[in-house]
Amino acid sequence: MDKVIITCAVTGSVHTPSMSPYLPVTPEDIAEQAIGAAEAGAAVLHLHARDPESGRPSPDPEVFMQFLPRIRAATDAVINISTGGGMPMTVDDRMQAALRAEPEMASLNMGSMNFGLYPALARNSDWQYDWEPEFLESSRDFVFRNTFADIETLLARLGDGCGTRFEFECYDVGHLYNLAHFLDRGLVRPPLFIQFVLGILGGIGADPDNLMHMKRTADKLFGEDYRFSVLGVGRHQLPLVTMSATMGGNIRVGLEDNLFLDKGVFARSNAEQVTRLRRIVEDLSRSVATPAEARAMLGLKGGDAVAF
Ligand code: KMH
Ligand code: ZN
């Protein structure tokens with residue numbers, strides 16, 4: 001209970017390059033910011049890739065392989081590769097980088113849902129690339145596909161096949177019941193690491209009451225068999241992750257989910273957000289888990305057992 005795992009989600013696929021000059025785009029940017037976040041106290045690095053020319057989210061394992069070895073050489077942090085990818089990737093596209101890299105962790109999204117990014121069109125107008133407004137607009141008619149069959153495939157190929165364990169991303173209460181279904185079937189094994197995701201348009205809203213409800217429901221379904229972490233989107237990041245640290249949970253920060261440090265002030269790096277949260281965690285008389293402690297808490301296979 002004392003140790004807090006800080007996950008830093010470095011670039012993601014929700015934001016586009018014109019939204020912040022600090023969003024990492026190239027493999028060099030991603031490596032540099034990931035290493036900075038680890039040095040600031042992130043035990044887990046949640047990673048997506050982007051096309052180095054356009055900044056568009058990319059599932060290409062070759063692009064991942066341009067930054068993964070560099071991060072591994074410079075830090076001991078746990079590498080967590082996204083299988084959520086970004087629009088309009090197929091589920092098959094989304095799993096290729098993790099299958100190639102066989103990381104200690106990968107994200108696993110626990111249900112199909114709407115995933116509305118188009119409200120960002122009203123907040124920005126100066127686009128560097130044509131693909132950016134088209135990408136955001138396309139979310140109006142996009143289903144983020146994560147069927148039971150898709151989840152079974154990822155559990156078998158990545159979990160059983162590669163020894164990868166999961167960050168179970170739960171965007172609403174029903175996703176917790178989906179995870180409980182896989183636990184009942186013996187397809188997932190404790191300790192489960194559940195990411196409560198609050199504030200995506202299409203998922204549960206970002207407020208304290210909803211976080212308490214997610215936690216109560218997970219307690220009911222999983223008892224001692226799980227650890228939770230919290231991710232709040234945009235301006236909800238800081239209050240909700242602070243609440244998680246207060247409740248005995250873990251936290252996820254990073255430019256994937258929030259570009260700002262304060263209202264109207266960009267975070268100039270992922271490390272800035274990690275540094276702030278580390279201070280808050282320590283002010284709450286908890287301490288930040290090292291990568292080794294995170295590995296023990298989550299039952300991971302070890303940083304040497306990866307394929308990059
Ligand atoms: N940006 C999060 C809300 C994934 O990578 O699998 C969603 C996410 C999904 O992290
Ligand atoms: Zn992600």
Side-chain angles (χ1 to χ4, degrees), residues 7-16 19-20 23-24 30 33-34 37 42 44-50 56-59 64 67 78-99 101 103 105-117 119-120 135-136 139 142-147 150-151 153-155 158-159 164-172 175 178-179 193-206 210-211 214 229-237 240-241 244 250-259 270 273:
T7 295
C8 183
V10 174
T11 190
S13 58
V14 166
H15 296 122
T16 70
M19 294 178 185
S20 165
L23 184 70
I30 292 171
Q33 288 220 26
V44 179
L45 300 167
H46 169 113
L47 297 170
H48 293 240
R50 291 180 182 270
R56 199 178 174 126
S58 167
F64 278 86
F67 57 77
V78 174
I79 305 252
N80 169 346
I81 296 184
S82 169
T83 68
M87 292 184 302
M89 299 171 203
T90 64
V91 177
D92 193 56
D93 291 338
R94 285 160 38 189
M95 67 177 86
Q96 293 310 320
L99 287 172
M105 291 190 81
S107 64
L108 185 50
N109 294 272
M110 292 312 295
S112 299
M113 59 189 288
N114 293 345
F115 205 108
L117 303 179
F135 170 85
L136 298 169
S139 71
F142 176 73
V143 177
F144 183 35
R145 179 185 156 143
N146 300 285
T147 65
D150 295 334
I151 295 168
T153 300
L154 278 157
L155 290 172
L158 254 184
T164 297
R165 287 180 60 80
F166 296 100
E167 174 195 12
F168 294 105
E169 303 219 20
C170 293
Y171 301 71
D172 216 325
H175 293 181
N178 293 348
L179 181 57
F193 185 56
I194 304 181
Q195 192 69 253
F196 297 146
V197 180
L198 287 90
I200 291 291
L201 180 60
I204 202 165
N210 286 341
L211 174 52
M214 293 288 276
S229 178
V230 173
L231 167 181
V233 173
R235 69 182 191 284
H236 303 291
Q237 181 182 74
L240 288 175
V241 301
S244 179
N250 302 286
I251 64 183
R252 172 168 143 177
V253 294
L255 270 57
E256 170 163 345
D257 305 307
N258 173 30
L259 295 170
N270 279 271
Q273 290 182 353

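Both ligands and their constituent atoms are indexed starting at 1 by order of listing. Values below: every heavy atom of this structure, side chains too, minus hydrogens, waters and symmetry copies.
Checked against ring pair (Phe, Tyr, Trp, His ring centres under 6.0 Å), F193 has no partners two or more places apart in sequence or in another chain. The side chain to side chain contact (heavy atoms under 4.5 Å, CB included) search around R145 returns V91, S112, T147, D150, not counting sequence neighbours.
Side-chain polar atoms of Q195 and S229 form a donor-acceptor pair below 3.5 angstrom. The closest side-chain donor-acceptor pair between E167 and H46 falls under 3.5 angstrom. No donor-acceptor contact under 3.5 angstrom links the side chains of N109 and R94, judged on distance only.
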Between the protein and ligand 1, which nitrogen or oxygen pairs come in under 3.5 Å, and how far apart is each?
from: ligand 1; atom 1: 1 (N); to: E256; atom 2: OE2; distance (Å): 2.7
from: ligand 1; atom 1: 1 (N); to: D257; atom 2: OD1; distance (Å): 2.9
from: ligand 1; atom 1: 5 (O); to: H46; atom 2: NE2; distance (Å): 3.1
from: ligand 1; atom 1: 5 (O); to: H48; atom 2: NE2; distance (Å): 2.9
from: ligand 1; atom 1: 5 (O); to: S82; atom 2: OG; distance (Å): 2.7
from: ligand 1; atom 1: 6 (O); to: S82; atom 2: OG; distance (Å): 3.4
from: ligand 1; atom 1: 6 (O); to: G84; atom 2: N; distance (Å): 3.2
from: ligand 1; atom 1: 6 (O); to: S107; atom 2: OG; distance (Å): 2.6
from: ligand 1; atom 1: 6 (O); to: N109; atom 2: ND2; distance (Å): 2.8
from: ligand 1; atom 1: 10 (O); to: H46; atom 2: NE2; distance (Å): 3.3
from: ligand 1; atom 1: 10 (O); to: E169; atom 2: OE1; distance (Å): 3.3
from: ligand 1; atom 1: 10 (O); to: E169; atom 2: OE2; distance (Å): 3.2
from: ligand 1; atom 1: 10 (O); to: R252; atom 2: NH1; distance (Å): 3.4
from: ligand 1; atom 1: 10 (O); to: R252; atom 2: NH2; distance (Å): 2.9
from: ligand 1; atom 1: 10 (O); to: E256; atom 2: OE2; distance (Å): 2.7

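T7 places no side-chain N or O within 3.5 Å of a backbone atom of V44 that could act as its donor or acceptor partner.
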Intermediate values then yes/no, side chain to side chain contact (heavy atoms under 4.5 Å, CB included), D92 and Q96: CA-CA 7 Å; D92 193 56; Q96 293 310 320; 3.4 Å; yes

Set out, in order, the CA-CA distance, both residues' side-chain angles and the distance that settles side chain to side chain contact (heavy atoms under 4.5 Å, CB included) for V241 and R252, then state yes or no. CA-CA 7 Å; V241 301; R252 172 168 143 177; 5.7 Å; no

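Contact annotation: the side chain of F196 approaches that of L211 to within less than 4.5 Å [non-hydrogen atoms, C-beta and beyond].
Distances under 2.8 Å from the Zn ion (ligand 2) pick out the protein N/O/S atoms H46 NE2, H48 NE2, E256 OE2.
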